[in-house]
Peer 1: 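Here it is, the structure, as structure tokens.
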Amino acid sequence: MTVTESNGATAAAKPAIEVNGVDFCYGSKKALSDIHLTIAPRQVTAFIGPSGCGKSTLLRCFNRMNDMVHGARVTKGEILVEGVNIYEPRLEVIDLRRRVGMVFQKSNPFPDSIYENIAYGLRLAGERNKKVLDEAVEQSLTAAALWDETKDRLHESAFGMSGGQQQRLCIARAVAVKPDIILMDEPCSALDPIATLRIEELIHHLKQDFTIVIVTHNMQQATRCADRTAFFYLGEMVEEGPTTKIFSTPEKQRTEDYISGRFG
Amino acid sequence: MPPTSPDVPGRFLVSKGILRIDRFMTAAIRLGGLGIIIAVFGIFVFIVSQVLPLFRGAKVEETSAIPFAAGKAPLVFGIDEWAELPFYYEGGSEVTFVDATGAKPPQTLPLTLPGGAQVTAASYISADQLVVVGTADGQVGTFTVSYDAEFGDSGKRSIVPSVTIGEFYPVGTSGGSIRSVGYGDSGDSKVAAAVQESGGKLEVHAVLLRQKRSLMGSGKLTKEGAYDLTPLLTGAPLQLRVPRTGDSVLVTTAEGVVDYIFLGGDAPEKRQEFKPFGEGRKIGSIDLVFGDVSLVLTDDLGEMSIFSLLVPEGGEQRVFVKTKTLPNLAGPASFFARSQRNKLFLTGSGAQVSLRHSTTEQVRWEKTVGFEVKGAVIDAKCASFALLDSDGNLHRYSLDDPHPEAGWKAYFGKVWYEGATKPDYTWQSTSGTDDFEPKLSLRPLIHGTLKGTFWALFFAVPIALLAAVYTAQFLRVEVKRVVKPMMEIMASLPSVVLGFLAALWLAPIIESRVPSVFLTFAGVPLTAAVVGVAWSRLPAQHRARLRPGMEWVAFIPIMLVAAWIFWSLGPVLESWICVVRDASGNPVTDPATGRTVMDFRAWWPQATGTPFEQRNSLVVGIMMGFAVIPVIFTIAEDALSNVPASLTAASAALGASRWQTLRKVVLPIASSGIFSALMIGLGRAVGETMIVVMATGNTPVMDWNLFNGMRTLSANIATELPEAPVHSTLYRTLFLGALVLFALTFLLNTAAELLRHRLREKYKLV
Ligand SMILES: Nc1ncnc2c1ncn2[C@@H]1O[C@H](COP(=O)(O)OP(=O)(O)OP(=O)(O)O)[C@@H](O)[C@H]1O
Ligand SMILES: [Mg+2]
């Protein structure tokens with residue numbers, strides 16, 4: 001790192017993620033075409049759009065989770081995360097994923113205790129110090145607004161929690177490794193309104209420390225928690241801008257149609 | 001059925017047909033499940049029912065008591081094989097036959113002794129139906145009491161006895177009256193011996209006769225020599241026994257010593273004198289059990305020991321060694337009768353009657369009868385015996401003891417078999433009934449089973465598990481789609497084919513290239529590890545040239561080259577260390593080439609003192625491993641692949657490497673499945689038969705030597721069952737082997753299932 005000293009204002013100005021003309025294919029099937037997008041740091045960006053338009057695909061490009069899919073690849077363009085091209089061969093994908101965390105649509109805790117779920121990422125990095133781990137677990141659970149509910153049962157199985165708690169646990173797990181960016185793919189789709197609300201509050205809270213990209217089908221959710229919103233349609237990004245603008249005066253007709261519920 | 005109200009619309013009603021099929025299927029499935037349970041249980045019950053008789057004692061029942069020789073003084077008595085027409089002989093010129101059924105009065109048959117000699121001693125060799133007699137004028141001779149079955153018009157069997165006089169030989173000094181006689185006939189040599197009274201002293205004399213054999217068949221019987229054995233004796237002779245081997249005489253003396261005199265050499269030679277019991281103890285009785293190499297001795301207090309002829313360690317000649325101690329009798333044995341089929345003998349003291357087995361040292365049956373037993377005889381079929389009381393009555397007993405040689409000790413304990421230098425676990429069965437002792441220890445077979453399983457799993461488990469892990473977690477999907485079905489085809493290879501390959505192709509290769517095999521087996525995994533580490537150290541841009549999961553493209557050629565190098569290095573290694581030495585420790589040189597012989601096959605036995613067989617555990621391990629690999633692989637791979645992708649993705653998203661994900665997420669979750677795979681593999685190896693039958697020498701040895709063979713329980717059943725007569729001891733013993741196998745797998749599986757359950761509880765995904 002050569003830019004450590006210029007951390008302050010310059011870093012805030014520098015985009016967290018830049019997508020420059022990306023095409024993406026699953027085998028021969030094109031899922032994204034010519035996406036241009038800049039995601040600002042310490043902000044919540046929402047991806048909206050009808051089902052199958054490529055929101056998840058783009059999200060999964062940011063931490064190269066698509067590598068695991070057979071035949072999936074970026075065919076054109078580049079994606080920069082904090083200025084680094086993440087598809088460059090020299091890049092260690094493990095390092096990338098430690099900086100770009102992810103929360104999945106369905107909660108997926110490991111079959112282990114709550115404590116071990118949170119400590120997992122730290123242990124991967126070789127952290128053995130019990131005190132450090134304890135502290136990190138408490139911090140992340142507090143950050144995920146889960147500490148009070150779980151502090152007495154840290155060593156019980158994570159499967160003993162409710163669905164909403166499990167999802168917050170997954171968020172805490174992602175937070176524990178202190179990434180720069182957290183990607184969330186419909187994190188509330190399986191939750192009831194109250195649990196959803198709590199996660200939204202959590203997102204609001206987390207944005208002080210993290211850059212958050214969230215995929216959602218819930219327009220209200222986007223308006224409630226996102227600073228900026230990007231609208232996708234059939235593998236293309238139609239429009240991107242401040243959330244208030246997108247939902248009040250969108251520039252494109254298709255955006256207007258979608259948010260007013262005329263299709264999708 | 002809930003009542004259906006008429007106003008429910010038809011579309012909400014389930015059709016009758018569906019309900020009927022549902023009920024039918026429920027019943028059918030339940031029936032099938034029950035059927036399976038019943039079938040398995042039935043097999044178990046059947047096996048147990050076959051095995052149980054082995055552990056039963058003898059069944060003895062008194063059938064009748066008949067007046068036999070009341071007021072007479074029989075020297076010997078005997079019985080026919082149907083136990084219907086016993087006879088006795090008083091020493092005169094007639095033999096009396098008594099109908100045991102009482103239907104006919106006693107009948108006598110005349111006996112013309114040469115020169116009207118007077119018989120003073122007699123003994124009965126039941127196996128040959130031969131009565132040996134000694135006369136007052138110093139002759140020893142024989143006559144045969146034989147029985148023929150004749151079937152009358154009504155189809156009723158009647159037994160017709162006959163008496164045939166045999167040769168008489170003057171033994172020892174002429175005119176000396178004979179006190180006791182012994183006669184042993186091995187077919188081509190015969191020994192007749194007698195204790196003779198001469199001038200107020202007791203002497204022992206023996207005559208050795210040989211049957212000269214020529215191309216024209218058996219020739220004349222010629223007298224080889226007549227010997228006075230008295231000078232060889234330790235003291236005054238008491239009892240005399242001549243084994244059927246026809247080459248020796250055993251004499252007990254008043255001092256409590258047994259003298260073993262060998263006549264098979266040029267001159268009589270005292271091979272051994274031994275005191276079977278402690279100082280000051282006298283010998284109460286001496287008798288030979290069936291086979292004539294074991295002596296049953298009792299002392300004057302009734303202590304009983306068995307001495308067997310064997311070559312002791314470090315010795316050169318066969319001598320008698322104490323091999324067994326049996327429970328004491330009430331006093332010195334006063335009668336003795338032996339079975340002509342097995343090592344059972346009937347003995348006792350006074351009114352005590354005891355049926356014992358010499359191999360297993362067991363008392364099969366014992367009873368104190370209401371009379372003093374004067375003599376006993378067991379019929380030729382070993383289905384009954386008869387006891388003579390002092391009033392001349394004959395008590396007849398039925399005897400049912402089909403498996404006297406069986407028992408816990410025989411199967412699982414150390415037994416000192418005849419001819420062996422020490423007690424041991426031995427399997428050497430016999431289906432026939434000859435004088436060979438069946439050796440039925442299951443220990444070598446259990447050992448062989450475990451050994452075969454161990455070596456097979458030793459080869460199979462690492463390969464199968466690593467392959468499964470690699471296939472499930474690293475290999476690219478398109479390659480996996482080819483690999484998996486191939487492994488499944490491999491699993492379906494018949495084991496006969498594998499066994500055939502092992503025996504005829506693999507065994508000779510391995511035999512000639514052992515060092516190569518070792519080097520390859522050690523070297524290839526080592527190379528793989530080194531290459532793997534090197535690969536992971538490579539900068540990311542070089543590694544990126546091969547997509548994740550395609551690394552094998554680079555690895556396989558390297559591995560092949562490594563395998564070839566290590567294989568070719570084998571002979572080099574062999575020429576360094578495997579120097580074959582002769583008896584004096586000098587390297588052996590090949591006379592043809594003049595070079596030192598370097599050969600692993602010859603070197604291994606010299607270096608380790610353990611044998612090297614061509615069909616050995618290494619061959620079995622590899623081939624059985626080959627049979628087990630696909631089983632373990634397939635199941636383990638399934639378990640690994642079934643780990644939810646959401647969890648591996650979660651792990652990867654947290655920055656775990658593939659290896660970390662595998663170790664921390666995939667392996668624990670798949671552990672119960674992997675464990676099942678191992679257990680099923682183990683089960684396959686334990687039960688595997690054909691490969692073991694074909695690829696090992698089937699030698700029931702007890703060692704862990706990689707270069708020796710083995711015999712497993714299953715292979716044992718396969719090889720011996722065709723030879724085993726139904727319901728014989730061997731037949732039932734094979735079932736016992738099956739039961740042990742059953743128990744072994746049952747135990748292993750239960751333990752494994754419990755462990756697996758705990759693993760599954762621990763990592764369950766709900
Ligand atoms: N693993 C895959 N293999 C092949 N095609 C895929 C794969 N995943 C997604 N696709 C295709 O790529 C396109 C975009 O999918 P994506 O999952 O990104 O949609 P999405 O916007 O997240 O939809 P949703 O809102 O329903 O989650 C779809 O047409 C889908 O069929
Ligand atoms: Mg999606």
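Note that the structure is predicted; figures quoted are calculated from it, not measured. Labels below follow one simple rule: chain letters A, B, ... track the order of the sequence lines, proteins then strands, and each chain is numbered from 1. Keep in mind that the numbers below use all heavy atoms, side chains included, and drop hydrogens, waters and symmetry copies.
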Peer 1: Measuring only between side-chain heavy atoms, which start at C-beta, is B/Gln660 closer than 4.5 Å to A/Ile94?
Peer 2: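 Result no, sub-4.5 Å side-chain heavy-atom pair not found.
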Peer 1: Using non-hydrogen atoms only, which part of A/Val100 is less than 4.5 Å away from chain B: side chain, backbone, both, or neither?
Peer 2: backbone
Peer 1: Over all heavy atoms of both residues, which pair between B/Leu647 and A/Asn108 is shortest? Give the atoms and the distance, please.
Peer 2: CD2-O, 3.5 Å
Peer 1: Looking at A/Met65 and B/Ala652, what are the two nearest heavy atoms and their distance?
Peer 2: CE-CB, 4.4 Å
Peer 1: Between CG of A/Leu124 and CZ of B/Arg663, what distance do you get to the nearest 0.5 Å?
Peer 2: 9.0 Å
Peer 1: Which atoms of A/Arg64 are under 4.5 Å from chain B, going by heavy atoms: the side chain, the backbone, both sets, or neither?
Peer 2: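 Contact with chain B involves no heavy atom of A/Arg64 at all.
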Peer 1: Given a strict heavy-atom distance threshold of 4.5 Å, which part of A/Pro179 is in contact with chain B: side chain, backbone, both, or neither?
Peer 2: neither
Peer 1: With rounding to the nearest 0.5 Å, note down the distance linking CZ in B/Arg658 to CE in A/Met68.
Peer 2: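 CE of A/Met68 is found 9.5 Å from CZ of B/Arg658.
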Peer 1: What distance separates A/His70 NE2 from B/Glu478 CD, expressed to the nearest 0.5 Å?
Peer 2: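 Result: 4.0 Å between the selected atoms.
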Peer 1: Does any heavy atom of chain B fall under 4.5 Å from the side chain of A/Leu96, the backbone, both, or neither of them?
Peer 2: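 For A/Leu96, neither part sits under 4.5 Å from chain B.
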Peer 1: Report yes if some heavy atom in the side chain of B/Lys664 is under 4.5 Å from a heavy atom in the side chain of A/Arg123; otherwise report no.
Peer 2: yes
Peer 1: So how far is it from B/Leu654 CG to A/Phe110 CZ, rounded to the nearest 0.5 Å?
Peer 2: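 Going from CG on B/Leu654 over to CZ on A/Phe110, the span is 5.5 Å.
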Peer 1: For B/Arg545, is it the side chain, the backbone, both, or neither that has a heavy atom closer than 4.5 Å to a heavy atom of chain A?
Peer 2: neither
